[in-house]
Structures are given as C-alpha cells and as structure tokens.
Amino acid sequence: MSPSPNVPAAPPGSPCDKKSGPSVFIVDDDDALVEALSDLLREEGYDVEAHTVASAALARLEAGARPDVILLDYLMPEMKGDAFLAALDRAGIDVPVMVLSAMNESRLDVPVRRVRAMIRKPFDLEKLLDELSRLAA
C-alpha cells in the first residue's frame, strides 16, 4: 500500500506558522485516527496540521513551521519515530514531542530530552488531552 497524502495539506501561513492558540502537528499513517484526532483537537481549540506522511511533516518543519507540540506515531511505514526524531535533531528543530504507540514503552528508542510524553494506543482521550495541554503551555 502506498503512503496516503497529507490530511489536510497546509500551505505556508497555516496556523502552525501564525499562532492564534496552541498548535499541534499530528504525524501518523492511520488516516482514520488522524481525521478523528484532528477534529477532536480543533473542537478543543487547538490549531491542527495533520500529516500521514512523515517526510511531508519534516519538510514543513524544515520550512519554518513551529507547532507547540508534535504528536508522533512511532511505527510508520515510511519512517519510524526514532528516524523522525533524529531528523529533527539534525535540523536543529526543538519542538516538544508526544509519542503515540501501541508498542511497550521499554521497546521504544527515543531521546528523553526530546520526547516529553508517551501515550500508549489505544489511548484514553482525557489523558491525551491533559498531556497535550501540559506540553502546549
């Protein structure tokens, strides 16, 4: 199965470029989860930019987008979470990251200074919202 396109595409000048409230990048290859989480977070007052292709999210970040938080799926077909985090470090992009994964936390290879929260899938929405609120503050 080929990677799906970004959901939705965000042009320069998107909310993650000019903040009106807390902004979140969602990076996850699950279209249904991305759509549902995007809708929920927008209802909660977040500016959301969603990507189902990790390299597209990296390109936006490298072009200057600076969300308050990145919600990152750890296991994606194109790029695993550790590679995404390493690319952020190489580019000097310092944005707090919350990792979403079905994997046991002890099996994840993530830098502690970069990953500020980990939520296990399937996740409790209240816990996710609480952690997101904490990180976006």
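Heads up: numbering here begins at 1 and tracks the sequence.
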So do the side chains of [X] and [Y] get within less than 4.5 Å of each other, counting heavy atoms only?
| X | Y | answer |
| --- | --- | --- |
| Leu58 | Met79 | yes |
| Glu78 | Ser55 | yes |
| Leu41 | Leu132 | yes |
| Val99 | Phe84 | no |
| Val97 | Leu85 | yes |
| Ser23 | Asp68 | yes |
| Val95 | Leu88 | no |
| Leu100 | Leu128 | yes |

request  = Identify the two heavy atoms, one from Ala57 and one from Phe25, that lie closest to each other, and give their separation to 0.1 Å.
outcome  = O-CE2, 3.7 Å
query = Looking only at heavy atoms, which two atoms of Ser38 and Val34 are closest? And how far apart?
reply = OG-O, 2.7 Å
Ionic contact status for Lys121 with Asp28, cut-off 4.0 Å =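 Judged by the 4.0 Å cut-off on N to carboxylate O distance, Asp28 and Lys121 do form a salt bridge.
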task = Hey, could you give me the CG/CD distance between Asp39 and Glu44, rounded to the nearest 0.5 Å?
result = 12.0 Å
query = Measuring from Asp94:CG to Asp89:CG, what's the distance to the nearest 0.5 Å?
reply =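 Between Asp94 CG and Asp89 CG, I get 8.5 Å after rounding to 0.5 Å.
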What residues form a side-chain contact (heavy atoms from CB on, under 4.5 Å) with [X], not counting sequence neighbours?
| X | result |
| --- | --- |
| Ala91 | Glu62, Ile93 |
| Glu43 | none |
| Ala117 | Met98, Glu131, Arg134, Leu135 |
| Ser133 | Tyr46 |

Residue that, paired with Met76, satisfies side chain to side chain contact (heavy atoms under 4.5 Å, CB included) out of Val53, Asp29, Thr52 = Asp29
ask   = Within the side chain of Arg66, is there an N or O that forms a donor-acceptor pair under 3.5 Å with the backbone of Leu61?
value =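 Side chain of Arg66 to backbone of Leu61, a donor-acceptor pair under 3.5 Å: yes, one is there.
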